[in-house]
Student: 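The structure that follows is given in the form of C-alpha coordinates.
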2 protein chains.
Amino acid sequence: MSGKLPVRDRRAERHAATRREILDAAWELVRTDGLASLAMRNLGQRVGMRAQSLYAYFPSKHAIYDAMFADSNRQLLDRLTNLPPSDDPIDRLRRQARRFLDFCIEDPVRYQLLFQRTIPGFEPSAESYAPALDVLDHSRQALRDCGIDESRALDTWTALTAGLAAQQNSNEPGGDRWVRLLDEVIDMFLVRYPPTESRRP
Amino acid sequence: MSGKLPVRDRRAERHAATRREILDAAWELVRTDGLASLAMRNLGQRVGMRAQSLYAYFPSKHAIYDAMFADSNRQLLDRLTNLPPSDDPIDRLRRQARRFLDFCIEDPVRYQLLFQRTIPGFEPSAESYAPALDVLDHSRQALRDCGIDESRALDTWTALTAGLAAQQNSNEPGGDRWVRLLDEVIDMFLVRYPPTESRRP
DNA sequence: GTCTATATTTGGATAGAC
DNA sequence: GTCTATCCAAATATAGAC
(Lines give C-alpha, C1' and ligand atoms only; values in the text may rest on other atoms or scores of the structure.)
Protein backbone atom coordinates (compact mmCIF):
# COMPACT_ATOMS: atom_id res chain seq x y z
CA MET A 1 0.00 0.00 0.00
CA SER A 2 1.31 3.41 -0.89
CA GLY A 3 1.41 6.03 1.84
CA LYS A 4 -0.93 8.88 1.05
CA LEU A 5 -0.11 11.21 3.89
CA PRO A 6 1.02 14.47 2.27
CA VAL A 7 -1.96 16.66 1.55
CA ARG A 8 -0.16 18.88 -0.88
CA ASP A 9 1.58 17.32 -3.81
CA ARG A 10 4.52 19.62 -4.18
CA ARG A 11 5.60 17.88 -7.30
CA ALA A 12 2.28 18.45 -9.02
CA GLU A 13 2.22 22.05 -7.87
CA ARG A 14 5.60 22.67 -9.36
CA HIS A 15 4.52 21.04 -12.57
CA ALA A 16 1.40 23.15 -12.80
CA ALA A 17 3.36 26.29 -12.09
CA THR A 18 5.77 25.57 -14.91
CA ARG A 19 2.91 24.85 -17.25
CA ARG A 20 1.48 28.21 -16.36
CA GLU A 21 4.83 29.85 -16.94
CA ILE A 22 5.06 28.28 -20.37
CA LEU A 23 1.59 29.45 -21.28
CA ASP A 24 2.34 32.98 -20.19
CA ALA A 25 5.46 32.98 -22.29
CA ALA A 26 3.46 31.65 -25.23
CA TRP A 27 1.04 34.55 -24.91
CA GLU A 28 3.88 37.03 -24.95
CA LEU A 29 5.33 35.41 -28.04
CA VAL A 30 2.14 35.32 -30.07
CA ARG A 31 1.41 38.92 -29.20
CA THR A 32 4.62 40.03 -30.81
CA ASP A 33 5.13 37.45 -33.58
CA GLY A 34 1.57 36.58 -34.45
CA LEU A 35 -0.52 33.61 -33.49
CA ALA A 36 0.60 31.34 -36.29
CA SER A 37 4.29 31.99 -35.68
CA LEU A 38 4.48 30.32 -32.32
CA ALA A 39 7.47 27.98 -32.39
CA MET A 40 8.58 25.49 -29.79
CA ARG A 41 12.17 26.67 -30.08
CA ASN A 42 11.38 30.28 -29.29
CA LEU A 43 9.01 29.26 -26.60
CA GLY A 44 11.61 27.07 -24.93
CA GLN A 45 14.16 29.84 -25.16
CA ARG A 46 11.75 32.24 -23.53
CA VAL A 47 11.31 30.04 -20.48
CA GLY A 48 14.94 28.95 -20.36
CA MET A 49 14.53 25.45 -21.69
CA ARG A 50 15.24 23.53 -24.81
CA ALA A 51 12.28 23.07 -27.06
CA GLN A 52 12.27 19.35 -26.40
CA SER A 53 11.79 19.83 -22.70
CA LEU A 54 8.46 21.49 -23.28
CA TYR A 55 7.11 18.10 -24.21
CA ALA A 56 7.29 17.16 -20.53
CA TYR A 57 4.47 19.67 -20.05
CA PHE A 58 2.53 19.60 -23.28
CA PRO A 59 2.29 16.64 -25.62
CA SER A 60 2.24 18.84 -28.73
CA LYS A 61 2.08 22.38 -29.96
CA HIS A 62 -1.61 22.05 -30.58
CA ALA A 63 -2.02 21.15 -26.93
CA ILE A 64 -0.48 24.51 -26.11
CA TYR A 65 -2.89 26.29 -28.42
CA ASP A 66 -5.67 24.34 -26.81
CA ALA A 67 -4.65 25.44 -23.33
CA MET A 68 -4.45 29.02 -24.54
CA PHE A 69 -7.89 28.67 -26.05
CA ALA A 70 -9.21 27.41 -22.73
CA ASP A 71 -7.45 30.29 -20.97
CA SER A 72 -9.21 32.79 -23.15
CA ASN A 73 -12.60 31.29 -22.74
CA ARG A 74 -12.26 31.19 -19.00
CA GLN A 75 -11.14 34.80 -18.90
CA LEU A 76 -14.11 35.89 -20.94
CA LEU A 77 -16.51 33.91 -18.82
CA ASP A 78 -15.01 35.41 -15.67
CA ARG A 79 -15.38 38.86 -17.09
CA LEU A 80 -19.05 38.31 -17.87
CA THR A 81 -19.81 36.57 -14.60
CA ASN A 82 -18.33 39.19 -12.35
CA LEU A 83 -20.49 42.01 -13.56
CA PRO A 84 -21.59 44.43 -10.87
CA PRO A 85 -25.18 43.57 -10.00
CA SER A 86 -27.91 45.81 -11.29
CA ASP A 87 -31.67 45.78 -11.02
CA ASP A 88 -32.13 47.02 -14.52
CA PRO A 89 -31.85 44.13 -16.98
CA ILE A 90 -31.29 46.47 -19.88
CA ASP A 91 -28.45 48.03 -18.02
CA ARG A 92 -27.02 44.57 -17.45
CA LEU A 93 -27.36 43.77 -21.11
CA ARG A 94 -25.48 46.91 -22.05
CA ARG A 95 -22.71 46.33 -19.58
CA GLN A 96 -22.30 42.79 -20.69
CA ALA A 97 -21.96 43.81 -24.31
CA ARG A 98 -19.46 46.46 -23.37
CA ARG A 99 -17.37 43.95 -21.48
CA PHE A 100 -17.49 41.54 -24.34
CA LEU A 101 -16.37 44.15 -26.79
CA ASP A 102 -13.58 45.37 -24.55
CA PHE A 103 -12.43 41.82 -24.19
CA CYS A 104 -12.36 41.35 -27.94
CA ILE A 105 -10.37 44.42 -28.73
CA GLU A 106 -7.92 44.56 -25.86
CA ASP A 107 -6.02 41.59 -27.26
CA PRO A 108 -6.48 41.02 -31.00
CA VAL A 109 -4.44 37.83 -30.94
CA ARG A 110 -6.66 36.32 -28.28
CA TYR A 111 -9.61 37.41 -30.38
CA GLN A 112 -8.12 35.66 -33.37
CA LEU A 113 -7.57 32.46 -31.44
CA LEU A 114 -11.06 32.44 -29.99
CA PHE A 115 -13.20 33.64 -32.83
CA GLN A 116 -11.36 33.18 -36.09
CA ARG A 117 -10.48 29.57 -36.67
CA THR A 118 -7.27 30.28 -38.49
CA ILE A 119 -4.48 27.96 -37.32
CA PRO A 120 -3.94 25.20 -39.90
CA GLY A 121 -4.53 21.97 -38.03
CA PHE A 122 -5.97 23.25 -34.78
CA GLU A 123 -9.41 22.62 -33.41
CA PRO A 124 -10.14 23.16 -29.74
CA SER A 125 -10.94 20.14 -27.64
CA ALA A 126 -14.42 19.73 -26.27
CA GLU A 127 -13.27 20.66 -22.76
CA SER A 128 -11.61 23.84 -23.91
CA TYR A 129 -14.57 24.81 -25.99
CA ALA A 130 -17.18 24.20 -23.33
CA PRO A 131 -16.95 27.64 -21.67
CA ALA A 132 -17.77 29.22 -25.01
CA LEU A 133 -21.23 27.74 -24.77
CA ASP A 134 -21.58 29.24 -21.32
CA VAL A 135 -20.65 32.59 -22.77
CA LEU A 136 -23.40 32.30 -25.32
CA ASP A 137 -25.79 31.30 -22.57
CA HIS A 138 -24.90 34.49 -20.78
CA SER A 139 -26.12 36.53 -23.69
CA ARG A 140 -29.20 34.41 -24.08
CA GLN A 141 -30.04 34.86 -20.41
CA ALA A 142 -29.37 38.59 -20.45
CA LEU A 143 -31.75 39.00 -23.36
CA ARG A 144 -34.33 36.78 -21.74
CA ASP A 145 -34.14 38.93 -18.60
CA CYS A 146 -35.19 41.81 -20.81
CA GLY A 147 -38.09 39.77 -22.06
CA ILE A 148 -36.44 39.16 -25.40
CA ASP A 149 -36.90 35.54 -26.26
CA GLU A 150 -36.81 35.12 -30.01
CA SER A 151 -33.96 33.05 -31.33
CA ARG A 152 -33.57 35.48 -34.20
CA ALA A 153 -32.98 38.16 -31.64
CA LEU A 154 -30.09 36.24 -30.13
CA ASP A 155 -28.50 35.64 -33.51
CA THR A 156 -28.89 39.28 -34.42
CA TRP A 157 -27.45 40.30 -31.09
CA THR A 158 -24.32 38.20 -31.53
CA ALA A 159 -23.91 39.48 -35.08
CA LEU A 160 -24.02 43.07 -33.88
CA THR A 161 -21.36 42.67 -31.24
CA ALA A 162 -19.26 40.41 -33.46
CA GLY A 163 -19.46 42.96 -36.25
CA LEU A 164 -18.25 45.84 -34.14
CA ALA A 165 -15.39 43.73 -32.81
CA ALA A 166 -14.43 42.50 -36.27
CA GLN A 167 -14.41 45.94 -37.82
CA GLN A 168 -12.52 47.47 -34.94
CA ASN A 169 -9.84 44.81 -34.91
CA SER A 170 -9.30 44.58 -38.63
CA ASN A 171 -9.55 48.24 -39.58
CA GLU A 172 -8.33 50.15 -36.60
CA PRO A 173 -6.77 47.88 -33.97
CA GLY A 174 -6.23 49.75 -30.76
CA GLY A 175 -8.74 52.46 -31.66
CA ASP A 176 -12.37 53.00 -30.73
CA ARG A 177 -14.04 54.09 -33.95
CA TRP A 178 -16.43 51.14 -33.92
CA VAL A 179 -16.44 50.38 -30.23
CA ARG A 180 -17.92 53.76 -29.46
CA LEU A 181 -20.90 52.94 -31.67
CA LEU A 182 -21.99 50.21 -29.28
CA ASP A 183 -24.62 52.10 -27.31
CA GLU A 184 -26.17 53.43 -30.45
CA VAL A 185 -26.24 49.99 -32.01
CA ILE A 186 -27.88 48.60 -28.91
CA ASP A 187 -30.51 51.32 -29.08
CA MET A 188 -31.16 50.26 -32.64
CA PHE A 189 -31.52 46.66 -31.56
CA LEU A 190 -33.88 47.50 -28.73
CA VAL A 191 -36.19 49.35 -31.06
CA ARG A 192 -36.52 46.28 -33.21
CA TYR A 193 -36.76 43.89 -30.27
CA PRO A 194 -38.50 45.89 -27.59
CA PRO A 195 -37.91 44.65 -24.06
CA THR A 196 -41.03 43.83 -22.09
CA GLU A 197 -41.66 44.27 -18.39
CA SER A 198 -41.18 40.59 -17.69
CA ARG A 199 -38.07 41.12 -15.66
CA ARG A 200 -36.98 38.49 -13.26
CA PRO A 201 -35.04 40.05 -10.41
CA MET B 1 16.24 49.68 -84.00
CA SER B 2 14.15 46.77 -82.94
CA GLY B 3 11.26 45.79 -85.18
CA LYS B 4 7.96 46.31 -83.43
CA LEU B 5 5.63 44.85 -85.99
CA PRO B 6 3.74 42.07 -84.15
CA VAL B 7 0.68 43.50 -82.47
CA ARG B 8 0.17 40.56 -80.19
CA ASP B 9 2.98 39.47 -77.98
CA ARG B 10 2.40 35.74 -77.96
CA ARG B 11 5.12 35.28 -75.43
CA ALA B 12 3.55 37.63 -72.95
CA GLU B 13 0.14 36.09 -73.53
CA ARG B 14 1.49 32.67 -72.77
CA HIS B 15 3.16 33.97 -69.65
CA ALA B 16 -0.02 35.62 -68.41
CA ALA B 17 -2.01 32.47 -69.11
CA THR B 18 0.36 30.38 -67.04
CA ARG B 19 0.25 32.90 -64.24
CA ARG B 20 -3.51 32.62 -64.30
CA GLU B 21 -3.27 28.85 -64.25
CA ILE B 22 -1.00 28.96 -61.22
CA LEU B 23 -3.35 31.27 -59.40
CA ASP B 24 -6.33 29.05 -60.10
CA ALA B 25 -4.41 26.07 -58.78
CA ALA B 26 -3.48 28.07 -55.69
CA TRP B 27 -7.14 28.80 -55.03
CA GLU B 28 -7.96 25.13 -55.27
CA LEU B 29 -5.20 24.27 -52.86
CA VAL B 30 -6.08 26.79 -50.19
CA ARG B 31 -9.72 25.79 -50.36
CA THR B 32 -8.84 22.26 -49.37
CA ASP B 33 -5.76 22.74 -47.18
CA GLY B 34 -6.41 26.12 -45.66
CA LEU B 35 -5.02 29.50 -46.55
CA ALA B 36 -1.90 29.28 -44.44
CA SER B 37 -0.93 25.87 -45.75
CA LEU B 38 -0.19 26.94 -49.28
CA ALA B 39 3.21 25.49 -50.22
CA MET B 40 5.25 26.10 -53.33
CA ARG B 41 5.94 22.39 -53.71
CA ASN B 42 2.30 21.38 -53.74
CA LEU B 43 1.42 24.28 -55.95
CA GLY B 44 4.06 23.32 -58.49
CA GLN B 45 2.87 19.75 -58.42
CA ARG B 46 -0.66 20.86 -59.09
CA VAL B 47 0.30 22.70 -62.28
CA GLY B 48 2.83 20.08 -63.38
CA MET B 49 5.98 22.00 -62.50
CA ARG B 50 8.71 21.90 -59.95
CA ALA B 51 8.32 24.40 -57.19
CA GLN B 52 11.36 26.29 -58.39
CA SER B 53 9.84 26.96 -61.77
CA LEU B 54 7.08 28.96 -60.18
CA TYR B 55 9.60 31.66 -59.48
CA ALA B 56 9.60 32.43 -63.19
CA TYR B 57 6.06 33.71 -62.65
CA PHE B 58 6.02 35.00 -59.12
CA PRO B 59 9.01 36.36 -57.22
CA SER B 60 7.85 34.91 -53.91
CA LYS B 61 5.02 33.16 -52.17
CA HIS B 62 3.77 36.44 -50.78
CA ALA B 63 3.49 37.70 -54.33
CA ILE B 64 1.10 34.84 -55.00
CA TYR B 65 -0.96 35.75 -51.97
CA ASP B 66 -0.92 39.31 -53.17
CA ALA B 67 -2.23 38.35 -56.60
CA MET B 68 -4.94 36.28 -54.96
CA PHE B 69 -5.83 39.22 -52.79
CA ALA B 70 -6.12 41.41 -55.86
CA ASP B 71 -8.22 38.73 -57.54
CA SER B 72 -10.66 38.75 -54.68
CA ASN B 73 -10.98 42.47 -54.54
CA ARG B 74 -11.61 42.72 -58.23
CA GLN B 75 -14.25 40.01 -58.07
CA LEU B 76 -16.03 41.78 -55.27
CA LEU B 77 -15.90 45.09 -57.04
CA ASP B 78 -17.26 43.51 -60.22
CA ARG B 79 -20.07 41.97 -58.27
CA LEU B 80 -21.05 45.31 -56.77
CA THR B 81 -20.64 47.25 -59.98
CA ASN B 82 -22.78 44.99 -62.13
CA LEU B 83 -25.90 45.35 -60.05
CA PRO B 84 -29.10 45.49 -62.07
CA PRO B 85 -30.17 49.13 -62.19
CA SER B 86 -33.03 50.23 -60.00
CA ASP B 87 -34.75 53.53 -59.43
CA ASP B 88 -35.23 52.85 -55.76
CA PRO B 89 -32.03 53.70 -53.88
CA ILE B 90 -33.13 51.67 -50.88
CA ASP B 91 -33.63 48.71 -53.10
CA ARG B 92 -30.14 49.23 -54.47
CA LEU B 93 -28.75 49.41 -50.98
CA ARG B 94 -30.39 46.15 -50.06
CA ARG B 95 -29.23 44.35 -53.16
CA GLN B 96 -25.74 45.57 -52.67
CA ALA B 97 -25.63 44.29 -49.13
CA ARG B 98 -27.01 40.96 -50.25
CA ARG B 99 -24.34 40.63 -52.88
CA PHE B 100 -21.65 41.53 -50.44
CA LEU B 101 -22.84 38.96 -47.97
CA ASP B 102 -23.16 36.26 -50.60
CA PHE B 103 -19.65 37.03 -51.70
CA CYS B 104 -18.35 36.69 -48.16
CA ILE B 105 -19.92 33.37 -47.43
CA GLU B 106 -19.59 31.57 -50.73
CA ASP B 107 -15.86 31.18 -50.22
CA PRO B 108 -14.71 31.36 -46.60
CA VAL B 109 -11.05 31.15 -47.56
CA ARG B 110 -11.37 34.15 -49.83
CA TYR B 111 -13.14 35.91 -47.00
CA GLN B 112 -10.28 35.07 -44.68
CA LEU B 113 -7.71 36.40 -47.12
CA LEU B 114 -9.61 39.62 -47.74
CA PHE B 115 -10.94 40.51 -44.34
CA GLN B 116 -8.98 38.72 -41.67
CA ARG B 117 -5.33 39.63 -41.81
CA THR B 118 -4.07 36.28 -40.70
CA ILE B 119 -1.08 35.13 -42.78
CA PRO B 120 2.12 35.68 -40.81
CA GLY B 121 4.21 38.00 -42.94
CA PHE B 122 1.72 39.05 -45.56
CA GLU B 123 0.40 42.52 -46.19
CA PRO B 124 -1.24 43.35 -49.48
CA SER B 125 0.53 45.79 -51.74
CA ALA B 126 -1.02 49.19 -52.34
CA GLU B 127 -2.12 48.21 -55.85
CA SER B 128 -3.84 45.07 -54.68
CA TYR B 129 -5.52 46.89 -51.87
CA ALA B 130 -6.79 49.80 -53.92
CA PRO B 131 -10.05 48.16 -55.09
CA ALA B 132 -10.99 47.64 -51.45
CA LEU B 133 -11.31 51.37 -51.08
CA ASP B 134 -13.58 51.44 -54.12
CA VAL B 135 -15.73 48.80 -52.46
CA LEU B 136 -16.09 50.97 -49.42
CA ASP B 137 -16.95 53.90 -51.65
CA HIS B 138 -19.72 51.83 -53.14
CA SER B 139 -21.35 51.50 -49.75
CA ARG B 140 -20.80 55.12 -49.00
CA GLN B 141 -22.42 56.13 -52.24
CA ALA B 142 -25.33 53.74 -51.86
CA LEU B 143 -26.07 55.20 -48.45
CA ARG B 144 -25.69 58.72 -49.74
CA ASP B 145 -28.18 57.96 -52.49
CA CYS B 146 -30.63 57.17 -49.73
CA GLY B 147 -29.89 60.49 -48.15
CA ILE B 148 -27.84 58.90 -45.39
CA ASP B 149 -24.72 60.94 -44.94
CA GLU B 150 -23.45 60.55 -41.41
CA SER B 151 -20.09 58.91 -41.09
CA ARG B 152 -21.36 57.01 -38.07
CA ALA B 153 -24.00 55.53 -40.32
CA LEU B 154 -21.39 54.19 -42.69
CA ASP B 155 -19.37 52.63 -39.89
CA THR B 156 -22.48 51.08 -38.41
CA TRP B 157 -23.48 49.81 -41.81
CA THR B 158 -20.17 48.06 -42.40
CA ALA B 159 -20.28 46.60 -38.89
CA LEU B 160 -23.71 45.11 -39.53
CA THR B 161 -22.77 43.38 -42.75
CA ALA B 162 -19.37 42.35 -41.39
CA GLY B 163 -21.02 40.90 -38.31
CA LEU B 164 -23.44 38.75 -40.24
CA ALA B 165 -20.64 37.48 -42.45
CA ALA B 166 -18.36 36.78 -39.50
CA GLN B 167 -20.97 34.87 -37.55
CA GLN B 168 -22.10 32.89 -40.54
CA ASN B 169 -18.60 31.89 -41.55
CA SER B 170 -17.32 31.03 -38.12
CA ASN B 171 -20.36 29.32 -36.65
CA GLU B 172 -22.16 27.75 -39.54
CA PRO B 173 -20.11 27.86 -42.73
CA GLY B 174 -22.21 26.92 -45.70
CA GLY B 175 -25.46 27.66 -43.91
CA ASP B 176 -27.76 30.67 -43.88
CA ARG B 177 -28.72 31.15 -40.25
CA TRP B 178 -27.24 34.64 -40.13
CA VAL B 179 -27.46 35.52 -43.79
CA ARG B 180 -31.22 35.28 -43.73
CA LEU B 181 -31.32 37.95 -41.02
CA LEU B 182 -30.01 40.53 -43.45
CA ASP B 183 -33.28 42.18 -44.47
CA GLU B 184 -34.39 42.42 -40.92
CA VAL B 185 -31.10 43.95 -39.88
CA ILE B 186 -31.34 46.45 -42.68
CA ASP B 187 -34.83 47.40 -41.52
CA MET B 188 -33.39 47.99 -38.10
CA PHE B 189 -30.69 50.17 -39.54
CA LEU B 190 -33.13 52.20 -41.61
CA VAL B 191 -35.22 52.98 -38.58
CA ARG B 192 -32.21 54.45 -36.86
CA TYR B 193 -30.94 56.23 -39.97
CA PRO B 194 -34.07 57.12 -41.87
CA PRO B 195 -33.57 57.70 -45.58
CA THR B 196 -34.69 61.06 -46.87
CA GLU B 197 -36.25 61.90 -50.20
CA SER B 198 -33.02 63.39 -51.52
CA ARG B 199 -32.56 60.70 -54.10
CA ARG B 200 -30.39 61.35 -57.05
CA PRO B 201 -31.55 59.29 -60.00
C1' DG C 1 12.89 17.05 -15.47
C1' DT C 2 16.23 18.51 -18.46
C1' DC C 3 19.65 17.68 -21.49
C1' DT C 4 22.16 16.04 -26.04
C1' DA C 5 21.56 14.01 -30.16
C1' DT C 6 18.99 13.10 -33.82
C1' DA C 7 15.22 11.83 -36.84
C1' DT C 8 12.08 13.62 -39.97
C1' DT C 9 9.63 16.70 -42.51
C1' DT C 10 8.80 20.66 -44.68
C1' DG C 11 9.37 24.69 -47.01
C1' DG C 12 11.31 28.87 -49.36
C1' DA C 13 14.60 30.14 -52.44
C1' DT C 14 19.02 30.22 -55.67
C1' DA C 15 22.50 28.57 -59.33
C1' DG C 16 23.33 26.89 -63.43
C1' DA C 17 22.63 23.42 -67.18
C1' DC C 18 19.71 22.55 -71.10
C1' DG D 1 11.01 28.32 -69.28
C1' DT D 2 11.89 24.29 -67.07
C1' DC D 3 14.77 21.28 -65.12
C1' DT D 4 18.37 19.12 -61.64
C1' DA D 5 20.84 19.86 -57.84
C1' DT D 6 21.21 22.07 -53.69
C1' DC D 7 21.17 25.09 -49.94
C1' DC D 8 19.53 26.74 -45.96
C1' DA D 9 16.56 27.35 -42.38
C1' DA D 10 13.06 26.18 -39.42
C1' DA D 11 10.12 23.30 -37.17
C1' DT D 12 7.91 19.24 -34.68
C1' DA D 13 8.89 15.41 -32.28
C1' DT D 14 11.36 11.08 -30.24
C1' DA D 15 15.15 8.32 -27.79
C1' DG D 16 17.99 7.81 -24.30
C1' DA D 17 21.68 9.54 -21.06
C1' DC D 18 22.16 11.95 -16.68
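Keep in mind that this is a model prediction, so the values were computed, not measured. These values consider heavy atoms only, across backbone and side chains, with no hydrogens, waters or symmetry-generated copies. Proteins come first, then strands; the chains are lettered A, B, ... in the order of their sequence lines, and each starts at number 1.
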Student: What is the separation between atom CZ on A/F58 and atom C1' on D/dA13, rounded to the nearest whole Å?
Tutor: 16 Å
Student: Of the nucleotides D/dA10, C/dG12, D/dT2, which one has an atom closest to the side chain of B/M49?
Tutor: D/dT2
Student: Hey, is A/R99 close enough to A/E106 for a salt bridge, meaning N to O under 4.0 Å?
Tutor: no
Student: Could you check which of D/dA10, D/dT4, D/dT2 has an atom nearest any side-chain atom of B/Q52?
Tutor: D/dT4
Student: Between B/Y65 and B/F122, what is the ring plane arrangement, given parallel below 30°, perpendicular above 60°, and tilted in between?
Tutor: tilted
Student: In whole angstroms, how far is the P atom of C/dG11 from the CG atom of B/L29?
Tutor: 11 Å
Student: What integer distance in Å separates A/M40:CE from C/dC3:P?
Tutor: 13 Å
Student: Would you mind reading off the distance between A/R41 atom CZ and D/dA13 atom P, rounded to a whole angstrom?
Tutor: 12 Å
Student: Kindly say if B/Y55 contacts the phosphate of D/dG1, meaning a side-chain N or O under 4.0 Å from OP1 or OP2.
Tutor: no
Student: With a 4.0 Å cut-off on heavy atoms, is B/S60 in touch with a base, just the backbone sugar-phosphate, or nothing at all?
Tutor: sugar-phosphate
Student: Select base, sugar-phosphate, or nothing to describe what A/L38 touches, counting heavy atoms under 4.0 Å on all strands.
Tutor: sugar-phosphate
Student: Measure from OH on B/Y57 to P on C/dG12 and round the result to the nearest Å.
Tutor: 19 Å
Student: Can you see if the side chain of B/R50 gets near the phosphate of D/dT4 - specifically, an N or O under 4.0 Å from OP1 or OP2?
Tutor: yes
Student: Quick one: do the B/T118 and A/Q112 side chains pair a donor with an acceptor below 3.5 Å?
Tutor: yes
Student: Under a 4.0 Å threshold between the charged nitrogen and the carboxylate oxygen, would A/R20 count as salt-bridged to A/D24?
Tutor: yes
Student: From the list D/dA13, C/dG1, C/dG12, which nucleotide is the closest neighbour of the side chain of A/K61?
Tutor: D/dA13
Student: Which part of the nucleic acid, if any, lies within contact of B/R14, taking any heavy atom under 4.0 Å across all strands shown: a base, the sugar-phosphate backbone alone, or nothing?
Tutor: nothing
Student: Distance only, no hydrogens: is a donor on one side chain within 3.5 Å (strictly under) of an acceptor on the other, for A/D137 and A/Q141?
Tutor: no
Student: Grab the CG-P distance between B/L43 and C/dG12 for me, whole Å please.
Tutor: 9 Å
Student: Give the rounded distance in Å between these two atoms: CG of A/D33 and P of D/dA10.
Tutor: 13 Å
Student: Atom CZ of B/F122 and atom P of C/dG11: how far apart are they, to the nearest Å?
Tutor: 19 Å
Student: Can you identify which nucleotide, out of C/dG12, C/dT2, C/dA5, has its nearest atom closest to the B/A39 side chain?
Tutor: C/dG12
Student: With respect to the side chain of B/S53, which nucleotide from C/dA5, D/dA5, D/dC3 is positioned closest?
Tutor: D/dC3
Student: Which residue lies toward the 5' end of DNA chain C, B/S37 or A/H15, if each is placed at its nearest nucleotide?
Tutor: A/H15
